[in-house]
Amino acid sequence: MRRISSRTTFFYKRIFPVIWFGLLVVFMVAPFIAPMIGGSVSGSPLAFLVVPAIMIVVGYIIMKKLVFDLVDEVLDAGDMLVIRNGHLEDRVALSDIMNVSYSPFVNPPRVTLLLRNPSMFGDRVSFCAPVSFMRFSTSPIIDELITRIDAARRVGPAHPGHRR
């Protein structure tokens, strides 16, 4: 099986949010800790609360929309895709994919599969597309996947009991 999702998904889903929210919390508490350790703070400590609090809310909304819904791994198994998220795994036949949406201009680049029959992850499955050096071009892996999905839809399901 060939991996068609990016290996950077773990960083985007697990490490980056910890760094983002952790640094913002540090900025929020620093003005209150600095006087205790002999430092001073120029400006109002309130400003150190409001701006990071806004950044936390905005960051959470953006990450919820673009990062937290990504599955961990998508593997190409020929006539189907193996989708893994945490310890859960599901298989989706290429003929069961109605549409592929590819957004290379967001960070991380996303692929969203609209499924004819919902998988255990729902009727939409999003994953991080493989990152290429040519940032503003399409992914050859995703282009090939779209072509294969189109061909599979024309032929129909490979076998009737293809789900779970």
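Positions are given from 1 along the sequence. Quick note: numbers below take in every heavy atom, side chains included, and nothing from hydrogens, waters or symmetry partners.
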Heavy-atom pair of closest approach, residues [X] and [Y]:
{"X": "Pro17", "Y": "Phe11", "result": "CD-O, 4.2 Å"}
{"X": "Asn85", "Y": "Leu70", "result": "OD1-O, 3.9 Å"}
{"X": "Thr8", "Y": "Cys128", "result": "OG1-SG, 3.9 Å"}
{"X": "Ala129", "Y": "Val111", "result": "CB-CG2, 3.6 Å"}
{"X": "Leu24", "Y": "Pro52", "result": "O-CB, 3.8 Å"}

Stepwise, does the side chain to side chain contact (heavy atoms under 4.5 Å, CB included) test hold for Tyr12 with Asn107?
CA-CA 9 Å; Tyr12 284 118; Asn107 194 13; 2.9 Å; yes
Other residues, nucleotides, ligands: >12 heavy atoms within 6.0 Å of Arg116 CZ
yes
Give a yes or no on this: more than 12 heavy atoms of other residues, nucleotides or ligands lie within 6.0 Å of atom OH of Tyr102.
yes
[atom1]/[X] to [atom2]/[Y] distance, rounded to the nearest 0.5 angstrom?
{"X": "Ser95", "Y": "Asp79", "atom1": "OG", "atom2": "CG", "result": "8.0 Å"}
{"X": "Thr9", "Y": "Phe127", "atom1": "OG1", "atom2": "CZ", "result": "9.0 Å"}
{"X": "Asp90", "Y": "Leu81", "atom1": "CG", "atom2": "CG", "result": "10.5 Å"}
{"X": "Met55", "Y": "Phe21", "atom1": "CE", "atom2": "CZ", "result": "10.5 Å"}
{"X": "Leu23", "Y": "Ile56", "atom1": "CG", "atom2": "CD1", "result": "10.5 Å"}
{"X": "Ile83", "Y": "Leu113", "atom1": "CD1", "atom2": "CG", "result": "6.0 Å"}

With a cut-off of 3.5 Å and sequence neighbours excluded, list every side-chain donor-acceptor pair involving residues 142-150.
residue : atom : partner : partner atom : Å
Asp143  : OD2  : Thr138  : OG1          : 2.8
Glu144  : OE1  : Arg2    : NH1          : 3.4
Glu144  : OE1  : Arg2    : NH2          : 3.1
Thr147  : OG1  : Asp143  : O            : 3.1
Arg148  : NH1  : Asp76   : OD2          : 2.4
Arg148  : NH2  : Asp76   : OD1          : 3.0
Arg148  : NH2  : Asp76   : OD2          : 3.4
Arg148  : NH2  : Gly78   : O            : 2.4
Asp150  : OD2  : Arg154  : NE           : 3.4
Asp150  : OD2  : Arg154  : NH2          : 2.6

Is it true that [X] and [Y] fall in one hydrophobic cluster, defined by side-chain heavy atoms closer than 4.5 Å?
{"X": "Phe10", "Y": "Phe68", "value": "yes"}
{"X": "Leu66", "Y": "Val57", "value": "no"}
{"X": "Phe121", "Y": "Leu94", "value": "yes"}
{"X": "Ile61", "Y": "Val51", "value": "no"}
{"X": "Leu49", "Y": "Val58", "value": "yes"}

Selection residues 59-72 - residue pairs positive for side chain to side chain donor-acceptor pair (under 3.5 Å), sequence neighbours left out
Lys13-Asp72, Asp69-Arg110
So, does [X] use its side chain to make a donor-acceptor pair with the main chain of [Y] at under 3.5 Å?
{"X": "Arg91", "Y": "Met80", "value": "no"}
{"X": "Asp123", "Y": "Leu115", "value": "no"}
{"X": "Arg84", "Y": "Val71", "value": "no"}
{"X": "Ser119", "Y": "Gly122", "value": "yes"}

Stepwise, does the side chain to side chain contact (heavy atoms under 4.5 Å, CB included) test hold for Val125 with Val92?
CA-CA 10 Å; Val125 175; Val92 174; 5.8 Å; no
State, with a plain yes or no, whether a side-chain heavy atom of Met63 is found less than 4.5 Å away from one of Phe16.
yes
Under a 4.5 Å cut-off applied to non-hydrogen side-chain atoms, are Arg3 and Val74 in contact?
no
What residues, two or more places apart in sequence or in another chain, satisfy side-chain hydrogen bond (donor to acceptor under 3.5 Å, both in side chains) together with Thr112?
Ser126
